[in-house]
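Reminder, nothing fancy here: chain letters follow the sequence lines and each chain counts from 1.
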Amino acid sequence: MRQQLFFNPTMRDIPQGADVPSHQLMLRAGLIRQTASGIYTFLPLGLKVLRNIERIIQEEMEKAGAQELLMPAIQPAELWEESGRLKDYGPELMRLKDRHDRDFVLGPTHEEVITSLVRDHITTYKKLPITLYQIQTKYRDERRPRFGVLRSREFIMKDAYSFDTDRSGLDTNYERMYEAYQNIFTRCGLDFRAVEADAGAIGGKGGTHEFMVLSQIGEDTIAFSDTSQYAANVEIAAVLDTYEKAVPPAASLEVIDTPQMKTIDDLTAGLNLEKASLLKSVLFIADEEPVLVVCRGDHEVNDIKVGNALDAREVRLAEPDEVQDIMGTEAGFVGPVGAPSQVKILVDAAVKTISSGICGANEKDKHYQNVHPGRDFPITEYGDYRIVQEGDPSPDGQGKIRFAEGIEVGHVFKLGTKYSEALGAVYLDENGRSQPMVMGCYGIGVSRLLAAVIEQHHDENGITWPGSVAPFDVHLLVLNPKQDDQHELGEQLYTRLQDNGYAVLYDDRKERAGVKFNDSDLIGLPVRITCGKKAGDGIVEVKRRRDGKMEEVHVNELFSYLETLRK
RNA sequence: CGGGAUGUAGCUCAGCUUGGCAGAGCACAGGCAUGGGGUGUCUGGAGUCGCAGGUUCGAAUCCUGUCAUCCCGACCA
């Protein structure tokens, strides 16, 4: 590609509102432009990278036995009615009507479409298992799009769906996809971790992993062991119950005045106590039922664990007026002692260690002291309801937990029969019995993956593409096209490089050398070949973007030298 | 959805407090010089000051409404 006419607007200024490196560089290097909030145009340079990533994904998907198809972005709302998700999905689902006033949605995912398709055309175990995938544009009306294409409302996703006759078939498919994902992210040059993730209400236990690209700007937190392979999303990372039950104090329960002391910090400051000796009581509403979760003052409640323990569809913090109605006082003074009997109480295991604690008295500006769990309020069972912390023992018993931030680029998920049952995707088994298909789904955020690559591959001057996804292989620069020897050598190399299979971006613009160098660093192709002063002697300068390694090379040795650079 | 902020040339922004000719740098077009890290210089083109209404002799500036965008938080199969 001759750069003179290449549509590649680069920017010197950092665009307003671009806060993370990948977003800034994608705008500055001319990969994308914003069209609306959370909606982007991919420019020619960005599209080339996208296509490279897609090709890697396609190759690994085919290798894993998946077949590509393409489903529509616009889906009839009835399908979503059928699966029950028209209501469940909420305002993130983009909805629209056609001219006949029929309801449609812009697909945020395609379980409904694929399941109804397979339902209509596969009816026997002889046609199973099958895995289908697509690379397609998805729509989610995010409350707050941010970080460019990392969290956008229209984005490109690879989604695969497997259909098996039974659970063990699903397990096999899941393993194959898991491996394919590792291949894909490795080939994209990413430093990533596969972590255990929240299976939610539908997936059953142990049936889902997220693939996280390690990055400080990541919106997810990974809890991993400092000695073993254990890694999980902090949302689900288990906390081991290694706590000893404390002995009860001699003193009995007593009400004390705690004016304006509504938070753990207020209480520790006001009463001069350790956080760990306080009981934190938080009221949740789980599927319309009030649940009071009690943990230690130095811990945080994990609402996902609460939801999973109760097998609840929705868990949310109670609103202030709900707290008042249910507990008879405001948040900050609620506690398990004397709580209304219709309120279910869940107690985190770490609370065991409290011998003589403080908790809310369910009365404004009052707390109890000398509280002993089990003595002063009943406990049927302790559970794991808190967020794991750095330094906690790893759940596999090896090492301690550390945290890292990650960008979720992939998610593999054992769906089971939720959608096949809802949409009637059944097959006849060997005995002629009707059985629901057992499904898995496997997503990769393709456009997000592109941004994640840049997050891990850039320096202060621009992008430093891994060769596997780079939009071109070589950036060929002619510093002064007015010099005949430079110009002629440039033209000759442009042709010869392409004849030898290199994708070449050829900077033939009438620009200053500095401009070309800066744009070249910004765009970040793996190798730069410069025709400069020594062009007359057949000598060019070859520089590797990644590490700045630079050599003057005679054109006769150029191709063998390029081969050595690939290593 | 709650809180905060911003909309002026392609980009980054000044001008608004105190109403009076629409501005700068970069970018763009042309000339001259320069020609290995965003060079210098001269000339030029480019804006319905987000939109609508109001106040006023006069509005980018004040008022009301509205739309868009961004940031923080909450949320995220």
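Using N1 to N3 plus N6-O4 or O6-N4 for Watson-Crick, or N1-O2 and O6-N3 for G-U wobble, each under 3.5 Å, B/rG7 pairs with B/rC67. Pairing for B/rG2 goes to B/rC72, judged as Watson-Crick or G-U wobble with the two contacts each under 3.5 Å. B/rC28 is paired with B/rG44 under the Watson-Crick or G-U wobble criterion, all donor-acceptor distances under 3.5 Å. Under the Watson-Crick and G-U wobble criteria, each requiring two contacts below 3.5 Å, nucleotide B/rU39 is paired to B/rA33.
Applying the ring-ring contact (aromatic ring centres under 6.0 Å, His included) rule to A/Y494 yields the partners A/Y506; only residues at least two apart in sequence or on another chain are considered. Judged as a salt bridge (Lys or Arg N to Asp or Glu O under 4.0 Å), and not counting sequence neighbours, the contacts of A/R146 are A/E219. With sequence neighbours excluded, no residue satisfies salt bridge (Lys or Arg N to Asp or Glu O under 4.0 Å) with A/D266. With sequence neighbours left out, A/E289 forms a salt bridge (Lys or Arg N to Asp or Glu O under 4.0 Å) with no residue at all. In this structure A/H299 satisfies the ring-ring contact (aromatic ring centres under 6.0 Å, His included) test with no other residue, sequence neighbours excluded.
No hydrogens or angles considered: nothing links the side chains of A/Y40 and A/T35 as a donor-acceptor pair under 3.5 Å. Between A/T464 and A/H458, the side chains place no donor N or O within less than 3.5 Å of an acceptor N or O (distance only, hydrogens not considered).
With rounding to whole Å, A/E142 atom CD is found 14 Å from B/rC1 atom C1'.
Separating the P atom of B/rC51 from that of B/rC67 is a span of 15 Å, rounded to the nearest Å. For the C1' atom pair drawn from B/rC75 and B/rC11, the interatomic distance equals 33 Å after rounding to whole Å. Comparing the same atom, C1', in B/rG10 and in B/rG54 gives a spacing of 33 Å after rounding to whole Å. Taking atom C1' on both nucleotides, B/rC26 is separated from B/rA14 by 14 Å, rounded to a whole Å. Comparing the P positions of B/rU61 and B/rG7 gives an interatomic distance of 12 Å, to the nearest angstrom.
Between A/D547 and A/K549 there is no salt bridge, since none of the side-chain N atoms of the basic residue sits less than 4.0 Å from a carboxylate O of the acidic one. Ion pairing between A/R85 and A/E112 holds under the 4.0 Å rule for side-chain N and carboxylate O.
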Please output the side-chain donor-acceptor pairs of residues 404-412 of chain A that fall under 3.5 Å, not counting sequence neighbours, one pair per line with the distance.
{"from": "A/E408", "atom 1": "OE2", "to": "A/H411", "atom 2": "ND1", "distance (Å)": "3.2"}
{"from": "A/H411", "atom 1": "NE2", "to": "A/T208", "atom 2": "OG1", "distance (Å)": "2.7"}

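When all heavy atoms are compared, the tightest approach of A/I264 to A/K280 is CG1-CE, 3.7 Å. The nearest pair of heavy atoms linking A/S447 to A/V149 is O-CG2, 3.5 Å.
Using a 4.0 Å heavy-atom distance criterion, A/K510 is classed as making no nucleic acid contact. Contact annotation for A/Q34: backbone-only contact, meaning every heavy-atom pair under 4.0 Å involves sugar-phosphate atoms and none involves a base. Counting non-hydrogen atoms under 4.0 angstrom, A/P9 reaches nothing in the nucleic acid. Within 4.0 Å (heavy atoms only), A/I14 reaches sugar-phosphate atoms of the nucleic acid but no base atom.
Not a single donor-acceptor pair, N or O on each side, falls under 3.5 Å between the base of B/rG35 and the side chain of A/Q483. Taking 3.5 Å as the limit, the base of B/rC71 and the side chain of A/R146 contain no donor-acceptor pair of atoms between them. Taking 3.5 Å as the limit, the base of B/rG37 and the side chain of A/K516 contain no donor-acceptor pair of atoms between them.
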Starting at the 5' end of nucleotides 27-33 of chain B, put B wherever the base has a protein heavy atom under 4.0 Å, S where only the sugar-phosphate does, and a dash everywhere else.
S------

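Residue pairs that meet the salt bridge (Lys or Arg N to Asp or Glu O under 4.0 Å) test with at least one member in residues 438-464 of chain A, sequence neighbours left out, are A/D459-A/R545. Among pairs with a residue in residues 478-491 of chain A, those fulfilling salt bridge (Lys or Arg N to Asp or Glu O under 4.0 Å) read A/R2-A/E491, at least two apart in sequence or across chains.
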Protein-nucleotides 4-10 of chain B N/O pairs under 3.5 Å:
none

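A cation-pi arrangement is present between A/K414 and A/Y174, with the terminal nitrogen or guanidinium carbon under 6.0 Å from the aromatic centre and inside a 45° cone about the axis.
When distances are taken from the side chain of A/S37 to each of B/rC76, B/rU69, B/rC72, the shortest belongs to B/rU69.
Taken residue by residue, residues 517-537 of chain A places heavy atoms nearer than 4.0 Å to RNA chain B at A/F517, A/N518, A/D519, A/D521, A/R528, A/G532, A/K533. Contact check of residues 71-79 of chain A against RNA chain B (heavy atom, cut-off under 4.0 Å) returns no residues at all.
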